[in-house]
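Okay, structure first, notes after.
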Amino acid sequence: MYNINKDLANIFKKMAAIYEFLDDRFRAMAYQRAAHIIEDLPDDVRNYIATGKLYMIRGIGSSIASKIEEYVKTGKIQKYEELKKKVPEDFIELIDLPGFGPKTLKRIYEELGISTKEELVKALKDGRIEQLEGFGPKKVENMLKGLQMYEISKRRIILWEALQISKYLTEKLKKNLKEIHKIEVVGSTRRRKETIGDLDILVTADDKDRLKIMDFFTSLEEVSEVLVKGPKKSSVIMKFEGKERQVDLRIFKDEEWGAALQYFTGSKQHNIHLREIAKEKGLKINEYGVFKADTEEKVAGETEESVYKAVGMDWIPPELREDRGEIEAAMEHKLPELVELKDIKGDLHVHSTWSDGVVSIKDIVDFVRKNYRYEYIVITDHSKSQRVAHGLDEERLLEELKEIQLINKMAGLDFVKKGIEVDILLDGSLDLSDEVLSQLDWVVASVHSHFSRDNTDRIIKAMENPYVNAIGHPTGRLIGLREPYPVDMDAVIKAAKETGTALEINAQPRRMDIDEIWIRKAVENGVKLVISTDAHNLGNFAFMEIGVSIARRGWATKKDILNTGSWKEIQKFVNQKRKKFGVRAIK
DNA sequence: GCCGTTTTCGGCCCGACTGTTTTCAGTCG
């Protein structure tokens with residue numbers, strides 16, 4: 001389905017940039033906020049208009065709401081067309097560059113008559129900008145650097161990569177600096193967003209040790225450039241595997257830890273909302289603590305819990321801090337008890353050497369039993385359509401099932417379950433017979449072809465097969481590489497509920513599929529989810545951690561995730577569907 | 001432009017660092 005929300009969000013972001021340029025800060029803020037809200041909406045804005053709920057969204061007032069309606073009706077926003085004429089086109093993009101603020105750009109435009117990026121670069125180099133009052137050589141140098149940095153700052157890294165770099169850096173700092181008391185990577189990494197811009201590291205230490213810590217940090221071998229260096233905050237560019245990332249380090253006192261953690265974990269919208277509420281209660285929150293507004297008396301700040309408690313809220317898990325209703329829920333003590341990694345009892349999507357996995361079933365079992373406290377895993381190799389992946393036909397699948405039986409027998413356990421990742425063909429049928437599928441414990445059905453057509457019909461038809469238990473990576477996206485194929489996920493969620501089919505949260509780092517928006521919607525509709533690694537090698541089993549993170553961001557609790565249950569409970573789910581469709585149950 | 005158990009007008013998160021200043025504006029997160 002065509003996504004109008006994103007288009008609207010982009011227009012509002014541009015309007016915000018223009019208002020900033022026009023020195024209308026607060027209007028700019030309002031549009032920026034509206035852009036974020038619309039981007040995050042679980043539903044098409046047209047549905048909000050149809051149900052009259054558009055005006056009820058906090059942050060969307062009558063003016064912006066009418067602009068949304070105007071866009072839906074005419075495909076245009078008159079005000080935006082007018083605004084565009086007031087600002088040189090290139091400047092809308094330039095305002096996002098590091099070192100370029102609205103004031104700077106405005107003066108360059110007004111005093112030098114420069115209106116394109118090209119002219120700007122020329123003026124920076126030939127000294128015209130340096131000669132403006134209040135500008136100097138350093139400022140010009142930073143602006144030139146900003147132009148270069150733009151590409152870096154635009155590229156975001158995926159969560160898994162950010163977590164690996166985070167682990168590496170925190171361990172290195174801890175090991176070399178005994179002066180560090182506490183350390184944590186904050187920002188969007190701690191919130192476990194699917195992609196990350198900069199890395200933010202927070203530490204506590206005694207004041208006298210700050211300099212030493214900053215010296216060590218800014219001279220790490222990975223550092224290619226020091227952007228900012230002070231006693232409390234430093235920013236550097238680091239190179240990891242050839243790719244450049246900005247990393248910030250901030251130092252606090254132990255008694256400020258909770259407030260600093262809360263502050264720098266964000267999100268920005270969450271913090272702004274939190275502060276508004278604090279203000280209403282006569283309190284002030286900053287990164288050093290919670291204070292009484294009148295007397296400046298400190299009332300909290302050593303732990304994050306104390307910060308939230310001071311404003312009358314329960315502690316909010318970082319994954320929820322996006323201002324999507326978590327603050328209201330925390331005030332009413334109604335936050336969900338989110339699923340945790342330790343709740344996971346098994347992996348329902350694993351490939352072996354029978355198709356395109358690189359490890360034998362036997363070795364997978366040994367590894368998982370040694371490293372994970374799982375009660376079961378399901379081997380789900382590819383079916384025959386996946387020729388490049390050596391997909392299995394009926395005959396080879398039956399051979400694989402014999403091997404599984406043998407491995408279980410030799411171990412004296414019933415640890416390995418029989419499954420398949422069966423291809424959904426163009427017409428929605430499956431590329432293995434029901435006869436064979438009926439012998440399996442668990443069937444994942446996935447779309448692996450025809451990514452440009454609308455695949456809603458195929459997926460729904462597959463769910464109507466009594467032996468299909470989950471839809472694998474339902475939207476087919478690859479973060480940063482491939483957009484989701486067209487699919488009406490509302491219809492898919494509805495069909496999942498009706499047929500008793502689960503939706504997969506595929507934990508492969510580039511998939512994260514379904515995403516947090518659809519997870520939340522599935523949860524609200526009572527659809528069961530499974531978190532699976534889709535492992536093709538032994539290292540892949542670790543992806544479960546980020547699969548759980550994304551489920552938490554979608555407000556999923558333990559009961560929403562099928563593989564937090566014992567195998568008996570999963571079998572019950574499978575048999576409920578078989579019963580509904582009047583076919584023989586498995587035992 | 002948004003919002004409201006102190007408000008329909010008058011606020012809007014707040015502190016660190018930098019560069020160009022000689023006390024601070026601009027930018028950033």
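In what follows, chains carry the letters A, B, and so on, assigned in the order in which the sequence lines appear, proteins first and then strands, with residues in each chain numbered from 1. Only this structure's heavy atoms are used, side chains among them; waters, hydrogens and symmetry mates stay out.
- Nucleotides B/dT21 and B/dT27, compared at atom P, are 15 Å apart to the nearest Å.
- Each of A/Arg520, A/Met512, A/Glu194, A/Lys193 was evaluated against A/Arg553; a single residue qualifies, A/Lys193, per the side chain to side chain contact (heavy atoms under 4.5 Å, CB included) test.
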Start with the C-alpha distance between A/Phe543 and A/Arg511, add both sets of side-chain angles, then the distance that settles side-chain contact (heavy atoms from CB on, under 4.5 Å), and finish with yes or no.
-> CA-CA 11 Å; A/Phe543 295 156; A/Arg511 288 196 182 271; over 6 Å; no
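- Between the C1' atoms of B/dT20 and B/dA25, the separation comes to 10 Å (whole Å).
- If you check B/dC17, B/dG15, B/dT20 against the side chain of A/Lys284, the one that comes closest is B/dG15.
- Note: CE (A/Met15) to C1' (B/dC2) measures 14 Å, nearest angstrom.
- Comparing the same atom, C1', in B/dG11 and in B/dT6 gives a spacing of 14 Å after rounding to whole Å.
- An OP1 or OP2 oxygen of B/dG11 is reached within less than 4.0 angstrom by no side-chain nitrogen or oxygen of A/Lys279.
- Atom pair A/Ile201:CD1 and B/dG29:P shows a separation of 16 Å (rounding to whole Å applied).
- Nearest nucleotide to the A/Tyr288 side chain, out of B/dA16, B/dC2, B/dT20: B/dA16.
- The side chain of A/Tyr55 places no N or O atom within less than 4.0 Å of a non-bridging phosphate oxygen (OP1 or OP2) of B/dC2.
- In this structure, A/Lys233 does not reach the B/dC17 phosphate: none of its side-chain N or O atoms is under 4.0 Å from OP1 or OP2.
- For the pair A/Asn286 CG and B/dC28 P, the interatomic distance rounds to 22 Å; values are reported in whole Å.
- Applying the 4.0 Å criterion to OP1 and OP2 of B/dG1, one finds that A/Lys67 has a side-chain N or O inside that range.
- With distances taken from any side-chain atom of A/Val228 to the nucleotides B/dT18, B/dC13, B/dG1, the minimum falls on B/dT18.
- Residue order along DNA chain B, read from the 5' end via each residue's closest nucleotide, puts A/Ile60 first among A/Lys103 and A/Ile60.
- Here the separation of B/dC28 from B/dT23, taken at their P atoms, is 25 Å to the nearest Å.
- Residue A/Gln246 places its side chain closer to B/dG29 than to any other of B/dG29, B/dC13, B/dG19.
- Within the 4.0 angstrom heavy-atom criterion, no nucleotide atom of any strand lies near A/Phe264.
- In this structure, A/Glu287 reaches the sugar-phosphate backbone alone: every heavy-atom distance under 4.0 Å involves primed, P, OP1 or OP2 atoms, never a base.
- B/dG29 atom C1' lies 14 Å from atom CE of A/Met29, rounded to whole Å.
- The aromatic rings of A/Phe264 and A/Phe252 sit tilted relative to each other, their planes meeting at an angle between 30° and 60°.
- As a whole-Å value, the separation of A/Gln269 CD from B/dG29 P is 15 Å.
- Among the atoms of the strands shown, only primed sugar atoms or phosphate atoms (P, OP1, OP2) are found under 4.0 Å from some heavy atom of A/Arg58.
- For A/Lys138 and A/Pro102, each mapped to the nucleotide of DNA chain B holding its nearest heavy atom, the one lying further toward the 5' end belongs to A/Lys138.
- For A/Arg250, whose side chain is taken as the heavy atoms from C-beta onward, the closest listed nucleotide among B/dG29, B/dC17, B/dC3 is B/dG29.
- Side chain to side chain, A/Asp90 and A/Thr116 fail the donor-acceptor criterion of an N or O pair below 3.5 Å.
- Of the listed nucleotides (B/dC13, B/dG29, B/dG15), B/dC13 has the atom at the smallest distance from the side chain of A/Glu276.
- Residue-level contact check: A/Thr104 touches the backbone only, with heavy atoms under 4.0 Å from sugar-phosphate atoms and none from bases.
- Applying the 90° criterion around 0 to the glycosidic angle, B/dT7 comes out syn.
- With B/dG1, B/dT20, B/dG26 as the choices, the nucleotide that has an atom nearest any side-chain atom of A/Phe26 turns out to be B/dG1.
- Summarising the geometry, the separation between CD on A/Gln32 and C1' on B/dC13 is reported as 15 Å, rounded to the nearest angstrom.
- Counting any heavy atom pair closer than 4.0 Å across all strands shown, A/Asp24 reaches no nucleic acid atom.
- Spacing of C1' atoms, B/dC3 relative to B/dC13, comes out at 16 Å, to the nearest Å.
- Rounded to a whole angstrom, the distance from the C1' atom of B/dC17 to that of B/dT8 is 40 Å.
- Applying the 6.0 Å contact sphere to NZ of A/Lys76 captures no more than 12 heavy atoms from other residues, nucleotides or ligands.
- Defined by atom type and a distance below 3.5 Å, a donor-acceptor pair is present between the side-chain atoms of A/Asn271 and A/Gln262.
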For A/His273 and A/Arg58, what are the C-alpha separation, side-chain angles and deciding distance, and is it a side-chain hydrogen bond (donor to acceptor under 3.5 Å, both in side chains)?
-> CA-CA 11 Å; A/His273 194 174; A/Arg58 222 177 65 96; 3.2 Å; yes
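- For A/Tyr19, whose side chain is taken as the heavy atoms from C-beta onward, the closest listed nucleotide among B/dA16, B/dG1, B/dC13 is B/dG1.
- For the pair A/Arg27 and B/dG1, the criterion of a side-chain N or O lying under 4.0 Å from OP1 or OP2 is met.
- You'll find that the side chain of A/Ile64 is closest to B/dG1, out of B/dG1, B/dG29, B/dT20.
- If you measure from atom NE2 of A/His270 to atom P of B/dC13, you get 15 Å, rounded to the nearest angstrom.
- Taking only distance into account, the side chain of A/Tyr263 meets the base of B/dG29 through a donor-acceptor pair shorter than 3.5 Å.
- Side chain of A/Lys139, nearest nucleotide from B/dT20, B/dG1, B/dG29: B/dT20.
- Taking the C1' atom of each, B/dT7 and B/dC12 are spaced 13 Å apart, rounded to whole Å.
- Look at B/dT8: it lacks any Watson-Crick or wobble partner with both distances under 3.5 angstrom.
- Heavy atoms of A/Asn271 sit nowhere under 4.0 angstrom from any nucleic acid atom.
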For the pair A/Ile550 and A/Asp515, evaluate side-chain contact (heavy atoms from CB on, under 4.5 Å) and give the outcome as yes or no after the intermediate values.
-> CA-CA 7 Å; A/Ile550 222 82; A/Asp515 72 10; 5.9 Å; no
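- Among the heavy atoms of the strands, none lies under 4.0 Å from A/Lys106.
- Rounded to whole Å, the distance from CE on A/Met143 to P on B/dG19 is 14 Å.
- Using a 3.5 Å distance cut-off with no hydrogens or angles, the side chains of A/Tyr19 and A/Gln32 do not pair a donor with an acceptor.
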